[in-house]
Amino acid sequence: MLDNFQLETARALNDPGQQSPQAVVGRKADGSSRRFNIYRNNRAGSLIAALQDTYPVLCRLLGSDFFNAAARQFIDQHPPSGPILSEYGSGFGRFVQQFPNTANYPYLADVAELEWQRLQSYHAANELTLTAENLQAIDPTLLLKSKLKPHSAAAMIKSNWAIGSLWANTQTDTKTQLNLSQAEFVLISRPQWNVQLKLLSSEGAMFMQLLTNGLTIEEAATQCLSNHANFDTGSHLHDLMGAGAFSTSIH
Amino acid sequence: MEKTGNQDRSRSWLPNCGGLCLKPQHYQEILQNLPDVGWFEVHAENYLGHGGAPLHYLEKIRAHYELSVHGVGLSIGSAQGIDEQHLTRVANMVERFQPASFSEHLAWSTHNDQFYSDLLPVPYNKEVEDLVCRHICQIQDLLKRQMLLENPSNYLTMENSTQEETHMLNSIVNRTGCGLLLDVNNVYISAHNCGYDALEYISALPLNAVGEIHLAGHATDTAIPDEPLLIDTHDRQVSDPVWKLYEATLKISGAKPTLIEWDADVPEWSMFLNELNQADTLLNAASVKRNFADAG
């Protein structure tokens, strides 16, 4: 009996057109839909707030009216399956990008992906980051044959748009001029507790990607050199390490 | 009491004074100044990540303060049972932080693997009483401790209820050995919305089982001016009538560990302290009266 009641309530929560469950009565019988709507509003409000927390920059770019309307549709079509709201909302950027009126802003999905990855990084497992001192302890010829493991909180996003610069612009009062159609490679990392963004050059991004794919430092460097004649392995390795891109487990 | 396997269960034991909900915007303030706050409460579901800042700061703050872990997603009133995977995550978090208290709600929020992100009402009848007792025993067995069960804020009543809420809470406490988290703001809201007397409701509870009191702010929906409804929002100061109900409650219950809840539109730290001071003042008065009464 309880299961049927909860099924009926769940259906009524999912569909605002559906009547309040039969078993639900207010103090006055005619007031029951108004009373039941409080639960509908609480649910929508809390899930919209969760999406706003995860995607604050997307919300600023869209404006809160559009964002909230899109969030309502997303919640209808992709409701959460679990009670941890910081795990809810993957794919919201791609969802928003499908609306005809966002077609002129083709970078929105990537901005949202950047925000989603920032959240993953924020909650990722704690791990020490690889430092120059760690590398100095290793025989240089052995080091070249070694593979590096990306840090648990590190991720790289390649976008056809200047999403890293756009994101950074929203965090400060001093705005820099943006060329949005400039492709960017953004490294997201969390050396300790604060999530950081770093823009990588295309060769730096290629190096990071090859190392992430499991190539040795030497193999990755050789491939980068064949694409970029001036590729400086040491300085790229140093840059990536400085940003906390790798864990200390070298093998 | 129903036998639940583990009889050596530690009881909820929060310091008998005011506590505050822990919010990320206050981490630095708390760690720098170690303010005079009796204890902190967190929502379990906000600290179930793999690592990072939330768990780091909670660990540092836990080193200085007692902690209450308050679950908001176990869905104790779910006909389909408790999500064991989620319960295990909560249990691991409780194991790690060793809080003085763990609490959850008399409500449901999950059905057919969908999470409804609100504390939804259950009817009060034998079927639900049995189900809730089973789930509380399941939780207490896994956590190896007593839990506190919180009374809901009600916006409506249900045709399939055959008992009073207070009757059901009494039965659950007797059958499972759990304690109560008495949310005085919820009582005020429910009594207004459903038309009963708040203090009568509180008097009908097993007050010696109350291990914690919650206070929070609420909003008023005046869409129908003749029939305003109160809504539990946790986004503002505790209202005057709720402070009065709290004071009246303490007169019959004696001092109880009391939390100021504030979850949306979180204000600056000083506002939190003001609310806490009000609660501590009333708690001190209640303790003094109790002591006089004991001496007499």
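Numbers restart at 1 for each chain; the letters A, B, ... are given by sequence-line order, proteins then strands.
Here A:Trp193 is the residue among A:Phe5, A:Trp193, A:Tyr122 with the most heavy-atom pairs under 4.5 Å with chain B. Ranked by heavy-atom pairs under 4.5 Å with chain A, the first of B:Leu120, B:Val72, B:Thr110, B:Asn46 is B:Leu120. No other option in B:His50, B:His111, B:Gln80, B:Met158 has as many heavy-atom pairs under 4.5 Å with chain A as B:His111. Looking only at heavy-atom pairs under 4.5 Å with chain B, the residue among A:Ser152, A:Pro80, A:Ala125 that has the most is A:Pro80. Chain B forms the most heavy-atom pairs under 4.5 Å with one residue out of A:Ser46, A:Ala10, A:Ser20, and that residue is A:Ala10. Ranking B:Pro121, B:Ala44, B:Ser75 against chain A, the residue ahead of the rest is B:Pro121, based on heavy-atom pairs under 4.5 Å.
Heavy atoms of A:Arg43 lying under 4.5 Å from chain B belong to its backbone as well as its side chain. Heavy atoms of B:Asn112 lying under 4.5 Å from chain A belong exclusively to its side chain. Interface remark: A:Glu127 contributes no atoms to any contact with chain B (heavy atom separation under 4.5 Å). In this structure, chain B has heavy atoms under 4.5 Å from both the backbone and the side chain of A:Leu7. At a 4.5 Å heavy-atom cutoff, the contact between A:Ser81 and chain B is made by backbone and side-chain atoms alike. For chain B, the nearby part of A:Ala124 is the backbone; its heavy atoms alone come within less than 4.5 Å. Proximity to chain A (any heavy atom under 4.5 Å) is restricted, for B:Leu119, to the backbone atoms N, CA, C and O. Residue B:Asp232 does not touch chain A at all, counting heavy-atom pairs closer than 4.5 Å.
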Query raised in the report: Yes or no on side-chain contact (heavy atoms from CB on, under 4.5 Å) for B:Glu127 and A:Met1, after CA distance, side-chain angles and deciding distance?
Result: CA-CA 8 Å; B:Glu127 180 196 5; A:Met1 251 171 61; 3.5 Å; yes
Query raised in the report: Is there a salt bridge (Lys or Arg N to Asp or Glu O under 4.0 Å) between A:Arg40 and B:Asp118 once you walk through the steps?
Result: CA-CA 9 Å; A:Arg40 285 190 171 118; B:Asp118 195 20; over 6 Å; no
Requested in this report: Tell me, with the steps shown, if A:Leu85 and B:Ser117 meet side-chain contact (heavy atoms from CB on, under 4.5 Å).
Outcome: CA-CA 8 Å; A:Leu85 290 181; B:Ser117 200; 3.9 Å; yes
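Separating the CG atom in B:Leu55 from the CG atom in A:Asn126 is a distance of 7.5 Å, to the nearest 0.5 Å. We find the CG-OH distance between A:Asn42 and B:Tyr155 to be 5.5 Å, quoted to the nearest 0.5 Å. Here OG1 of A:Thr9 is found 5.0 Å from CH2 of B:Trp108. Values are rounded to the nearest 0.5 Å. Interatomic distance, A:Ile38 CD1 to B:Leu156 CG, rounded to the nearest 0.5 Å: 7.5 Å. Note that CZ of B:Arg89 is 3.5 Å distant from CD1 of A:Ile84, once rounded to the nearest 0.5 Å.
Nearest heavy-atom pair, B:Ser153 versus A:Tyr39, reported as atom, atom and distance to 0.1 Å: O-OH, 4.2 Å. Scanning both residues, A:Arg34 and B:Asp221, for their nearest heavy atoms gives NH2-O, 3.1 Å. Listed here is the closest heavy atom pair of B:Phe115 and A:Gly82: CD2-O, 3.3 Å.
Atom CD of A:Gln77 is surrounded by more than 12 heavy atoms from other residues, nucleotides or ligands within 6.0 Å. Within a 6.0 Å sphere centred on CD of B:Glu95, heavy atoms belonging to other residues, nucleotides or ligands number 12 at most. Taking a 6.0 Å sphere around CG of A:Asn194, one finds it holds 12 or fewer heavy atoms contributed by other residues, nucleotides or ligands.
Checked by atom type and distance alone, the side chain of A:Arg35 pairs as donor or acceptor with a backbone atom of B:Asn193 at under 3.5 Å. Looking only at distances, a side-chain donor or acceptor of A:Gln6 sits under 3.5 Å from a matching main-chain atom of B:Gly77.
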